[in-house]
Protein chains: 2
Amino acid sequence: MTQAVRHDSMRARNLGVVLGEVRRSGPVTRAALAEMTGLTKTTVSKMVADLLAAGMVTETGVPSRGERGRPGTAVALSGGRVAALGLEINVDYLSACVVDLTLEVRLRRARAVDNRAASPVETLSHLREIAREAVEEARSLGLVVAGSTLAVPGPVDDGLVHSAPNLGWRDVHVGELLDGLLTPLPTVDNEANLAALGELWFGSGHRDFLHVSGEIGIGAGLVVDGALFRGSHGLAGELGHVVVFPDGPPCRCGGRGCLEQYAGQEALLRAAGAGTVEELAGRLREGDAAALAACERAGHALGLALTSAVHLFDPGTIVLGGVFAPLFPWISGAVLETTAARLSAIRDAVPDLAVSRLGGDATALGAAGQVIHRIIADPVAYVTASRTAPAGSKPR
Amino acid sequence: MTQAVRHDSMRARNLGVVLGEVRRSGPVTRAALAEMTGLTKTTVSKMVADLLAAGMVTETGVPSRGERGRPGTAVALSGGRVAALGLEINVDYLSACVVDLTLEVRLRRARAVDNRAASPVETLSHLREIAREAVEEARSLGLVVAGSTLAVPGPVDDGLVHSAPNLGWRDVHVGELLDGLLTPLPTVDNEANLAALGELWFGSGHRDFLHVSGEIGIGAGLVVDGALFRGSHGLAGELGHVVVFPDGPPCRCGGRGCLEQYAGQEALLRAAGAGTVEELAGRLREGDAAALAACERAGHALGLALTSAVHLFDPGTIVLGGVFAPLFPWISGAVLETTAARLSAIRDAVPDLAVSRLGGDATALGAAGQVIHRIIADPVAYVTASRTAPAGSKPR
DNA sequence: CCGATTTAGTCCACTTAATGGATTTAATAT
DNA sequence: ATATTAAATCCATTAAGTGGACTAAATCGG
């Protein structure tokens with residue numbers, strides 16, 4: 001339900017609106033902010049003063065556009081104070097990154113660890129260490145880590161990881177195991193979702209797209225008008241188990257002919273006779289026939305699954321990330337051929353097919369970016385109001 | 001972007017919050033409303049006074065719960081004044097209904113017309129007549145028709161019907177052709193979307209479901225937490241063209257093996273050797289083998305498409321409406337068998353499969369309901385504020 | 001059966017946060 | 001140097017909600 005608005009929440013919301021507009025429009029003057037938000041110059045000025053005091057924005061040099069009249073002093077997001085921590089647990093590595101308010105990546109940490117062999121407790125205590133180091137290093141840069149998000153490769157519901165099959169996890173309460181280190185406790189979210197958000201905030205700039213993040217499994221995150229679609233239980237976007245050939249080979253999900261059986265990392269490497277994605281990419285560059293045929297087949301299957309996804313989701317663009325990013329040149333042809341044949345007659349615009357520039361980095365970046373975006377949308381907790389009339393204001 | 005809040009929009013929003021709570025909680029006292037919304041009793045009282053004056057709520061008899069203390073006077077939505085018109089154009093009929101604020105259906109009009117044979121202009125002038133009659137009859141019941149929505153069988157973008165293949169329409173500007181009769185002009189929306197909303201507001205009470213509305217085509221509307229999912233261009237939910245058997249028979253969409261080729265009304269009737277859905281239902285009741293086999297086959301295909309849809313959409317429940325409603329007893333078995341086999345190993349909860357109680361009525365009801373819901377969410381246009389202190393208030 | 005208790009709803013003085021117009025400030029144009 | 005223009009601030013006003021006091025109308029309990 002929409003919540004009632006009171007004076008304090010009105011201010012809180014307007015602060016968020018102003019700060020959001022500062023982000024959207026780069027350096028802007030107070031007058032322009034007033035224009036854009038519909039608030040008065042007075043109100044905007046007061047808010048900007050508070051945001052300046054909180055270290056969330058800075059005054060930048062006057063743009064000096066050679067126009068008449070007093071030039072405004074522009075304000076822009078300040079990267080100097082507030083920051084967010086993004087954490088990622090994946091099958092064979094842990095990583096952390098710290099991002100400031102301007103979405104500048106301030107530091108990165110990654111460590112190769114085989115988390116399949118480790119228990120959740122071991123993995124999480126390892127992660128704890130990395131997180132602590134990152135927070136300390138951020139502090140030495142003058143940054144305050146205001147929040148964190150953790151990405152895990154599996155469906156998550158409110159801090160509980162239902163199952164992460166590739167990690168061998170079942171019903172792990174991540175929040176509890178990280179208690180004490182980070183305040184507030186990190187938000188925990190699904191890898192594919194966060195990768196899509198990473199693509200939104202750090203990638204090509206689209207605001208409507210379906211991001212396909214092929215790893216061991218194949219997940220997809222749908223972003224519509226800058227917002228992630230999660231479904232009723234947060235399990236939406238399981239592209240890997242969309243039915244492609246109903247009578248195909250059995251899948252670990254209990255079904256048959258799921259996309260994962262044709263375009264999943266394991267199936268793809270097996271079909272190409274390669275050990276790793278890098279090896280496969282090398283063979284493709286050499287023009288290896290088996291490798292090319294494997295990509296062709298995977299691309300066709302992916303195209304079929306994406307056809308269904310486009311009919312259901314109606315995305316603006318399709319962005320291929322994860323392992324599909326390095327293989328894009330050899331996969332995209334088959335994908336496009338399949339989707340175009342099945343979509344063009346009924347849709348005005350067949351979604352573009354694009355590569356992710358981020359690849360595997362998208363996830364941790366998305367995790368940190370999510371925190372930043374929440375702070376920008378609702379910065380009131382970090383801003384102390386400058387009293388307009390400090391107590392005994394009335395002169396005589 | 002979230003819009004800035006000012007004093008007037010604060011009041012507008014809070015009015016909507018209060019009225020929404022009145023709807024949600026049936027007859028409630030002002031004190032309970034204050035509790036639920038977080039506003040003070042004072043504020044709620046003022047708003048209820050204005051809503052009473054606008055005829056949007058009424059005071060109902062005291063519930064008299066035998067508790068201590070002064071009993072409150074409950075208020076509930078009033079069906080006596082504000083109403084909405086729902087209109088539907090379909091292949092072989094036109095229909096209209098008027099619904100009041102309490103979502104009570106106050107009147108209904110339907111006329112069998114073959115709209116395939118008619119031009120858009122003819123069809124719309126016919127619709128105009130029906131709409132005028134409905135508005136007049138509503139007025140004679142003391143109702144004010146505050147808005148209207150028109151359902152058409154095809155994708156719609158801001159009043160423009162891109163293509164309604166079953167009507168033979170292409171790029172019809174519906175709004176313009178209805179000019180002059182209804183103010184404000186009706187909203188135009190897709191049939192499948194509105195059927196899903198009809199199911200939400202007039203049906204079984206679920207707030208998270210995928211509504212499958214099988215007619216000539218097969219559309220689906222996804223409702224998540226009471227909100228319709230529309231995709232980037234409003235074309236989401238085209239379940240009929242989800243790929244079921246990639247090498248199956250060609251479809252008018254340019255693809256092959258789409259769901260529509262197996263479970264669409266035409267394919268189903270042809271396979272069963274029946275002329276109409278009623279005839280098919282009759283044969284099924286008699287135990288006709290060909291009819292049963294056709295339903296079995298359609299159910300299996302529908303199950304495959306729904307498997308993909310569940311993986312992507314993650315709906316709470318699946319509701320079968322349209323032609324699938326009367327055929328439910330003979331189709332649901334095959335659907336469930338297919339989906340359960342492919343979903344149960346990977347999902348904790350396989351969505352329930354339910355029948356729509358509304359069948360074909362869902363569409364027009366959803367159209368009218370949408371208007372009502374918009375009014376309840378933002379009633380400020382219909383409410384004149386009672387000035388707290390009328391001008392010269394200060395006593396001396 | 002009458003006072004105590006409890007809850008609903010209203011009244012009123014006060015607070016918050018925004019508004020709008022006047023004023024000050026700092027540029028460019030003439 | 002002066003006029004013009006736009007940015008930013010100042011200040012009195014206004015809209016809308018708050019909170020506590022007050023009144024109203026029930027049930028409870030001796």
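Reminder, nothing fancy here: chain letters follow the sequence lines and each chain counts from 1.
- Rounded to whole Å, the distance from CZ on B:R11 to P on D:dG17 is 7 Å.
- Partners of A:T58 under the side-chain contact (heavy atoms from CB on, under 4.5 Å) rule, at least two apart in sequence or in another chain, are A:S78.
- How far CG of B:L197 is from CD of B:Q370: 6.0 Å, rounded to the nearest 0.5 Å.
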Pair up each side-chain donor or acceptor in residues 139-147 of chain B with any protein partner under 3.5 Å, not counting sequence neighbours, and list the distances.
unit_1: B:S140; atom_1: OG; unit_2: B:E137; atom_2: O; d: 2.6

N/O contacts under 3.5 Å, protein versus nucleotides 24-27 of chain C?
unit_1: C:dT25; atom_1: O2; unit_2: A:R70; atom_2: NH1; d: 3.2
unit_1: C:dA26; atom_1: N3; unit_2: A:R70; atom_2: N; d: 3.4

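- Pairs of residues two or more places apart, or lying in two chains, never qualify as salt bridge (Lys or Arg N to Asp or Glu O under 4.0 Å) while including a residue from residues 366-379 of chain B.
- Between C:dT19 and B:R6, a contact under 4.0 Å exists linking OP1 or OP2 to a side-chain N or O.
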N/O-N/O pairs, protein side and nucleotides 10-14 of chain D side, under 3.5 Å:
unit_1: D:dC10; atom_1: N4; unit_2: A:T42; atom_2: OG1; d: 2.8

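- Between the side chain of A:E21 and the backbone N or O of A:G16, no donor-acceptor pair lies under 3.5 Å.
- Atom NZ in B:K46 sits roughly 11 Å away from atom C1' in C:dC11 (whole-Å rounding).
- Per the geometry, CE belonging to B:M10 stands 10 Å off P belonging to C:dA17, to the nearest Å.
- A side-chain hydrogen bond (donor to acceptor under 3.5 Å, both in side chains) check over residues 6-20 of chain B, counting only residues at least two apart or in different chains, returns the pairs B:R11-B:D50.
- Remark: P of C:dT10 and CG of B:L52 are 10 Å apart, rounded to the nearest angstrom.
- Atom CZ of B:R30 and atom P of C:dC11 are 11 Å apart (whole Å).
- Listed by first and then second residue, the salt bridge (Lys or Arg N to Asp or Glu O under 4.0 Å) pairs involving residues 29-38 of chain B are B:R30-B:E59 (not counting sequence neighbours).
- If you measure from atom CD of A:E35 to atom P of D:dA8, you get 13 Å, rounded to the nearest angstrom.
- Computed from coordinates, the B:E59 CD to C:dG9 C1' distance equals 11 Å when rounded to whole Å.
- Under the rule for a ring pair (Phe, Tyr, Trp, His ring centres under 6.0 Å), B:H206 has no partner lying at least two apart in sequence or in another chain.
- For the pair A:N14 CG and C:dT19 C1', the interatomic distance rounds to 13 Å; values are reported in whole Å.
- When the ring pair (Phe, Tyr, Trp, His ring centres under 6.0 Å) test is applied to A:H233, no partner is found at least two apart in sequence or on another chain.
- Of the candidate nucleotides D:dG19, D:dA16, C:dG9, C:dG9 has the atom lying nearest to any side-chain atom of B:A31.
- An OP1 or OP2 oxygen of D:dA7 is reached within less than 4.0 angstrom by no side-chain nitrogen or oxygen of A:S45.
- A:R106 meets the salt bridge (charged side-chain N to carboxylate O under 4.0 Å, His left out) test with A:D100; sequence neighbours excluded.
- Summary for the helix from C:dC1-D:dG30 to C:dT30-D:dA1: the axes at its two ends, each from 5 pairs, differ by 10° when rounded to the nearest 10 degrees.
- For the salt bridge (charged side-chain N to carboxylate O under 4.0 Å, His left out) test, residues two or more places apart in sequence or in another chain that qualify with B:R207 are B:D225.
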